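For this chain, numbers begin at 1 and follow the sequence in order. Worth knowing before you read on, the calculation uses all heavy atoms, side chains too, and leaves out hydrogens, waters and symmetry mates. If you're wondering where the values come from, they're calculated on a predicted model, not measured in any experiment.
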Amino acid sequence: MDRAITVSEITRYIKARLEGDEILRNIYVTGEISNFKRHSKGHLYFTLKDESSSISSIMFSNLASGLNFIPKDGDKVFVRGKISLYEPSGSYSIQVYEMQQTGLGELYKKLEELKNKYQSLGYFDASHKKEINKFPKKIGVVTSPTGAVIEDIRNTINRRYRLVEIILYPALVQGPESGNSIASKIKRANELMEVDTLIVGRGGGSIEDLWGFNEEVVIEAIFNSKIPIITAIGHEPDVTISDYVADKVAPTPTAAAELSTPNTVELLKGITENKEKIYYLLNEYFRNIRVKLLHLDERLDNKNPLLQLENNKKDLEVSISRLSKNINDILLSKRKDLTFLRDNLLKLDPRSILVSKRDILKNNLNILNLNYQAYLSGRLNGVNLLKEKIKDPNDLIKGLDSKVSNLASRLISQYQKVIDTKTYRYSLCYEKMESLNPLSIMDRGFALIKKDNNILTSVSNININDQIEIELKDGRLKTIVNQKEVK
């Protein structure tokens, strides 16, 4: 359903195919007239039929007026025309250009044979067509010297393009000798080669009147002509073999004159337009040149050595000011970092830590000693009180003295153990602090390596040309990395 088309679309398509077919645009048909009607305006409507088929036909008044007989029902005729299609009803018909009684049919048959012959020989091919000179100096005309054709051509050329000269090659254009006369004039023009374009033509007439232009001698002369030829034979419906062979075909002599010459009015208009375009382009060109000159002048001023020196001096002063400020800022920042590191280093100094630990240990020992003395004093006081309370204290005293002696001995032993343990732990802490002391490590040749105040522990954290800081026991070094090896 999506691919369906309308009736109008299919009718237009068929019409285009029918009316666009080269064969159907110029056909010859024989048949009998029936249903003949003459319109009040002179148009002829009839049906052309044979034993088994019929086709509607129409001949317009301007062509019907040239008939040499009065058509009627039952007449057998020979017609030339084209197939056309009437869209509203979808019916096709023959639009008749010429109509003769059947007695002339042999002439049309011969015309068709000649057409087929020269078409098969390639005389009608576009590859043989020559270009018409756009600006000719001389135009030749092969026609009757007394007819209206030469006057129409002269008037048209004089109106359009007076720079061209018209040369007449008078010839017979009707009758038994017309073919030889036309062919001889075409050959004569090619022998002289004095014209740029050749117009071959005559007024309208019947097929017999125009037959000279269908003769083989004329066809050969046109085909072999080195001069481009425009044919203007008869009126628009009239077609001869010469028209198919010629380089250009004009429906009338006036049209042939127009095809062979340019229009002076159009040329002057084109010259005016080109002149205005040239003025515009020149103005644009000079305007662009002025703009470029202004830019170059400005660039030249900017390139002035004195101005550049002054600008460089100002830039140097600004750079010195910025450099001084940056140096001061860097020094201030480094001083702050140094103070911070010094304070941290002092806090981590093993000697101060050992002194602090030693003082704490001494305080603890003093407190322990005081507690021990208080304990002994309390025990002695207790013993004395017992002696007073006991009437015969000798035995008790002996026992208590022995007990006190044992306790004192145990206390002294425990005290000594505590002292030994604290001393041992102190020694271990001291040794450990000494082993962790950066200064002790630096004494053995080690150093701290930093980048951007961060301690480096791997070569993957540093790149070639990076600046690093090496901190030794007695100072610091700053250096640039120029080689890097990865294990």
Side-chain angles (χ1 to χ4, degrees), residues 1-67 71 73 75-100 105 108-109 111-129 207 231 234-241 243-252 255 258-259:
M1 294 298 291
D2 294 336
R3 300 180 61 185
I5 59 176
T6 65
V7 175
S8 298
E9 288 173 338
I10 187 63
T11 303
R12 281 195 295 270
Y13 176 80
I14 294 172
K15 178 180 176 69
R17 293 301 298 268
L18 283 175
E19 297 183 359
D21 190 289
E22 288 293 331
I23 296 175
L24 298 181
R25 290 172 65 180
N26 189 39
I27 60 173
Y28 300 89
V29 184
T30 61
E32 180 180 333
I33 295 177
S34 65
N35 299 320
F36 180 82
K37 294 180 182 178
R38 184 185 295 272
H39 194 272
S40 59
K41 293 184 177 180
H43 308 314
L44 305 182
Y45 298 92
F46 57 95
T47 299
L48 198 62
K49 67 176 184 177
D50 58 14
E51 292 80 9
S52 57
S53 301
S54 63
I55 184 173
S56 298
S57 305
I58 180 173
M59 190 173 190
F60 294 110
S61 58
N62 62 324
L63 300 173
S65 60
L67 292 176
D73 288 343
D75 284 349
K76 292 184 178 181
V77 294
F78 185 93
V79 301
R80 182 177 70 87
K82 71 173 182 177
I83 297 295
S84 63
L85 187 141
Y86 184 62
E87 286 190 45
S89 63
S91 59
Y92 71 95
S93 61
I94 296 179
Q95 184 178 331
V96 178
Y97 297 146
E98 297 177 4
M99 182 166 58
Q100 297 291 338
Y108 281 100
K109 184 178 179 181
L111 177 65
E112 192 66 20
E113 290 174 353
L114 285 172
K115 179 180 176 183
N116 293 334
K117 172 186 175 180
Y118 285 106
Q119 186 174 16
S120 63
L121 292 174
Y123 278 40
F124 304 164
D125 294 349
S127 59
H128 296 301
K129 307 295 183 183
I207 187 171
T231 55
H235 299 296
E236 185 170 3
D238 300 324
V239 179
T240 64
I241 305 298
D243 293 326
Y244 292 107
V245 183
D247 301 298
K248 285 283 185 181
V249 179
T252 62
E258 292 177 350
L259 286 174

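Two residues are said to be in side-chain contact when any heavy atoms from C-beta on lie closer than 4.5 Å; K115 and N26 meet this criterion. The shortest distance between side-chain heavy atoms of K82 and Y97 falls below 4.5 Å. Looking at V29 and L48, their side chains come closer than 4.5 Å, going by heavy atoms from C-beta outward. Within the 4.5 Å cutoff, side-chain heavy atoms of F124 are placed close to those of V245. A heavy-atom distance below 4.5 Å is not found between the side chains of Y45 and N35. Residues Y86 and P88 meet the side-chain proximity criterion, which asks for heavy atoms closer than 4.5 Å. Taking the side chain as every heavy atom from C-beta outward, I33 and V77 approach each other to under 4.5 Å. By the 4.5 Å heavy-atom criterion applied to side chains, Q95 and F60 are counted as neighbours.
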Take D75 and F36 through the side-chain contact (heavy atoms from CB on, under 4.5 Å) test and state the conclusion after the steps.
CA-CA 10 Å; D75 284 349; F36 180 82; over 6 Å; no
When you look at L63 and L44, which way does the side-chain contact (heavy atoms from CB on, under 4.5 Å) test go after all the steps?
CA-CA 10 Å; L63 300 173; L44 305 182; over 6 Å; no
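Going from atom CD of Q119 over to atom CG of D125 covers 8.5 Å, rounded to the nearest 0.5 Å. Rounded to the nearest 0.5 Å, atoms CZ (F46) and CZ (R38) are 11.0 Å apart. Atom-to-atom distance recorded for S84:OG and Y92:OH is 11.0 Å, nearest 0.5 angstrom. To the nearest 0.5 Å, the span separating CD on Q100 from OG1 on T30 amounts to 14.0 Å. Taken to the nearest 0.5 Å, the OG1 atom of T231 stands 11.0 Å off from the NZ atom of K248. Atom CZ of R80 and atom CD1 of I94 lie 12.5 Å apart (nearest 0.5 Å).
Of the possible polar contacts, one joining the D21 side chain to the I23 backbone as a donor-acceptor pair under 3.5 Å is found. Under a 3.5 Å cut-off, the side chain of N116 and the backbone N or O of E113 do not form any donor-acceptor pair.
Residue P71 comes nearest to M99 through the heavy atom pair CG-CE, 3.5 Å, listed as atom of the first residue, atom of the second, then distance. Pairing each heavy atom of V96 with each of M59, the nearest pair is O-CG, 3.6 Å. The two atoms that bring A250 and A255 nearest to each other are CB-C, 3.8 Å, heavy atoms only. For the pair A64 and G42, the tightest heavy-atom approach, listed with the atom from each and the gap, is CB-O, 3.9 Å.
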What pairs of donor and acceptor atoms, side-chain ones from residues 7-17 against any protein atom, are under 3.5 angstrom apart with sequence neighbours left out?
residue	atom	partner	partner atom	Å
E9	OE1	T6	N	2.9
E9	OE1	T6	OG1	3.4
T11	OG1	V7	O	2.7
Y13	OH	R17	NH1	2.8
K15	NZ	E19	OE1	3.4
K15	NZ	E19	OE2	2.7
K15	NZ	L85	O	2.9

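In I5, the CD1 atom is crowded: over 12 heavy atoms of neighbouring residues, nucleotides or ligands sit closer than 6.0 Å.
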